[in-house]
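On a predicted model such as this, the values are computed, not experimentally measured, just so you know. Residue numbers run from 1 in the order of the sequence given.
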Amino acid sequence: MRAYLARVDAVLVQAVIAAALSFAHLHDLASAAGQDGWKAWAYPVSVDLLLVAAWRRLRSGASKAAGWWWFVVALVASLGANVATAGLLDLADVPDWLRILVAGWPAVAFLGGTLLAHTAPAPETASAPAEPETAGPPADSEPETKQPAPHVPAALVNHARKLADDHRARTGSPIDTDTLRARLGVPAPLADAIASRL
């Protein structure tokens, strides 16, 4: 158990370090491309959220092509920022094409996140054919046995008699089974059995 926890802890520490560095690189690139203040901080969040949404789609097993596509798009954005801020790009003089890419990223991230979160997977098709309907029971089958009448407690019959007497006193006619069933709140077979004993 300790070895497992140590392995998990090492993975978590590595993940936190990698996420922090990638976050900082994306922030620095966005800031150098003219996205200052809170906007520069929002860029790393949008890249990471798109990565998470794509990873969840891949794990769900539905529409993996879309999951892989958006995972690669977000990964390229993250790796691109990491490489660009490693000294290969003069952050004091960012080229116009990179400014355009950075400015257009929010729309790309929104589109990808929306498609990943709100596209329903294709419905599953039935793997087994439906059994053909038969015109009637097979010739060698036994006839259905009639279900025995449910047991009716004597107290329930007595209560039903009171309801029936009250109904006759108010309406002048005997109580029908549907009314008895509704007044007692019992299933139809039990109401039939009670009505037969009134």
Within this structure, what is the [atom1]-[atom2] distance for the pair [X] and [Y], rounded to the nearest 0.5 Å?
{"X": "Leu49", "Y": "Leu116", "atom1": "CG", "atom2": "CG", "result": "11.5 Å"}
{"X": "Trp70", "Y": "Leu111", "atom1": "CH2", "atom2": "CG", "result": "4.5 Å"}
{"X": "Leu75", "Y": "Trp68", "atom1": "CG", "atom2": "CH2", "result": "9.5 Å"}
{"X": "Arg161", "Y": "Ile194", "atom1": "CZ", "atom2": "CD1", "result": "11.0 Å"}
{"X": "Leu79", "Y": "Leu26", "atom1": "CG", "atom2": "CG", "result": "9.5 Å"}
{"X": "Leu115", "Y": "Leu50", "atom1": "CG", "atom2": "CG", "result": "10.0 Å"}

Under 3.5 Å, is there a donor-acceptor pair between the side chain of [X] and the main chain of [Y]?
{"X": "Ser78", "Y": "Ala74", "value": "no"}
{"X": "Ser60", "Y": "Arg57", "value": "yes"}
{"X": "Ser31", "Y": "His27", "value": "no"}
{"X": "Arg181", "Y": "Asp192", "value": "no"}

If you look at every heavy atom in [X] and [Y], which pair is closest and at what distance?
{"X": "His25", "Y": "Asn82", "result": "ND1-OD1, 2.8 Å"}
{"X": "Ala195", "Y": "Thr177", "result": "CB-OG1, 3.9 Å"}
{"X": "Gln35", "Y": "Ala40", "result": "O-CB, 3.0 Å"}
{"X": "Ile175", "Y": "His167", "result": "CA-CD2, 3.4 Å"}
{"X": "Val47", "Y": "Ala77", "result": "CG2-CB, 4.3 Å"}

ask   = Any salt bridge between Arg170 and Asp166, counting N to O under 4.0 Å?
value =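 The answer is yes: the pair qualifies as a salt bridge.
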Flag yes if [X] and [Y] sit in one hydrophobic cluster, no otherwise; membership is Ile, Leu, Val, Met, Phe, Trp, Tyr, and two members link when side-chain heavy atoms are under 4.5 Å apart.
{"X": "Val108", "Y": "Phe110", "value": "no"}
{"X": "Trp105", "Y": "Trp97", "value": "yes"}
{"X": "Leu21", "Y": "Val13", "value": "yes"}
{"X": "Val16", "Y": "Phe23", "value": "no"}

Close side-chain approach of Leu29 and Leu98, heavy atoms under 4.5 Å
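In contact.
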Practice prompt. Begin from the C-alpha positions of Asp48 and Leu51 and carry the test side chain to side chain contact (heavy atoms under 4.5 Å, CB included) through to its verdict.
Written response: CA-CA 5 Å; Asp48 290 343; Leu51 276 169; 4.3 Å; yes
Discussion item. Check this for me: Arg56, atom CZ, are more than 12 non-hydrogen atoms of other residues, nucleotides or ligands nearer than 6.0 Å?
Written reply: no
